[in-house]
Every structure is written in structure tokens, then in C-alpha cells.
Amino acid sequence: MTGPVDLVIGVLALQGDVREHLRVLAECGVTARPVRRPTEVDGVDALVIPGGESTTMSRLAVEFGVLEPIRSRLKAGMPAYGSCAGMIMLATEILDGRPDQESFGGIEMTVRRNAFGRQVDSFEAPVQLDGVPGGPLHAVFIRAPWVERVGPEVEVLGQVEDGAAAGRIVAVRQGNLLATAFHPELTGDTRVHRLFVEIARGAAD
Ligand code: GLN
């Protein structure tokens, strides 16, 4: 084959900031489309899981019949990127979730929902990401989770740098799966999405 692979990246469109992710992906030069049905899950090369509310996303994933299809595609190696609630959806274990809350899994980690607490519900901080040149990202956290435990296959890409939460893990990668506790789709900085597109292209080659 000649030329770049014509990649289609889906954005899980059950709930959350779907449009923002679609816009950034388009800016990165890939075809991006919303995904909410099992056949649409089959039709994409990679999947972005947006920020929003993981308990709602979990319930809707069951209702729309995409929980198992997404789980099995992730097991088969489909690249995925989750921001905030999307990070929670990619975790194998959730703390402070609802008892009936499901996740897709894929990244062997324990995340704590709303981990930064009430006082610092939402905040912004610079986060340096491994593998992302150009200086720290301006990370926007909105009722964000953090990662409390990672499995041996998980690479820690970024941590909070100072303040009470210094050292907390907020960006990880396991193989073709990427997750951030913050929302790069809200800042106009396309570097995290470009990293994900690179991962997805690598997997499609
Ligand atoms: N607190 C939300 C949850 O538990 C995540 C918030 C977000 O995605 N901005 O799903």
C-alpha cells in the first residue's frame, strides 16, 4: 500500500463532550465520527471516550448494547483514548463509583472518581507528558479522577506537579490505550490527540 492509512476514529457519543473531541480529531487531519451503536463500533479503527459522567455513560453503554462490543474490541487491540470520565471507563477498577457502574476496562489501573475533592472540584495546572514534546500541557481538570494503582504493563505519562495532589498520576498508557484525567479537548492544544492518532496509525500499519 502507498500513502498514509485512511484512519477512521470514532468518538463514543452516548454522553459527554463528544463535539469537542470530533473537532480536535478533524484538526489532526483524521476522519472522525460519532459512535453509539454496535455496528458503528465495528466500523472504526480506534475510539475516543469523552469526558462527561462515567455512571451515565456506563448505563447508556448497556442500554445501547455497546458495552460488550467495545470490551471485546479493546481486548482484540483496538486503540482507545479516554479523557476524564473516559479514563474511568478504561479502568479495570473504579473507587467511589456506583455499585452497579461498569467499565470497558483495558488499562490495568485503579482510578478514584472525583478524587481531587470538593475544594478543588475543578482546576487547571501544567502537566508534563512523557512522549509529548513542546513543554507542559495546560491541563484542565473537572471533577477529575486520579490513578491510585497501575499494573506492571502501564506506563505513567504524567503526574500533578505541585500542591496537595503533587505526584498523583493523571496520564497513562498501556499498549494502544491512552488515558488522561484532564481534558485536552477543551484547550485548543492538539498534542494529546496527535499522540493518539500516532498510536492508532501504528496499530493500523
Ligand atoms: N466526575 C465524572 C465521573 O465520575 C468525570 C468528570 C469529567 O469527565 N469531567 O465520571
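Counting starts at 1 for both ligands and their atoms, in listed order. The figures that follow rest on heavy atoms only: side chains count, while hydrogens, waters and symmetry mates do not.
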Please state which option from [options] has its nearest heavy atom closest to [atom].
{"atom": "atom 1 (N) of ligand 1", "options": "Val140, Asn114, Ile88", "answer": "Asn114"}
{"atom": "atom 7 (C) of ligand 1", "options": "Pro50, Cys84, Pro145, Ala144", "answer": "Cys84"}
{"atom": "atom 6 (C) of ligand 1", "options": "Gly52, Gly86, Gly51", "answer": "Gly52"}

Heavy-atom closest pair, residues Gln174 and Gly106: OE1-O, 3.4 Å
Before accepting this row, confirm whether a basic side-chain N of the pair Arg201/Glu198 lies closer than 4.0 Å to the acidic partner's carboxylate O. no
Is the shortest side-chain N to carboxylate O distance from Glu40 to Arg36 below 4.0 Å? no
Ligand 1 atoms in contact with [X] (distance to a heavy atom under 4.0 Å):
{"X": "Glu53", "result": "2 (C), 3 (C), 4 (O), 10 (O)"}
{"X": "Ser54", "result": "3 (C), 4 (O), 10 (O)"}
{"X": "Arg113", "result": "3 (C), 4 (O)"}

Does some non-hydrogen atom of His183 fall short of 4.0 Å from ligand 1? yes
Do Arg23 and Glu185 have side-chain heavy atoms sitting under 4.5 Å apart? no
Is the shortest side-chain heavy-atom distance between Tyr81 and Thr180 below 4.5 Å? yes
Run the side chain to side chain contact (heavy atoms under 4.5 Å, CB included) test on Met87 and Val147 for me, step by step, so that the C-alpha distance in whole Å, both residues' side-chain angles and the decisive distance to 0.1 Å come before the verdict. CA-CA 9 Å; Met87 172 186 252; Val147 180; 3.6 Å; yes
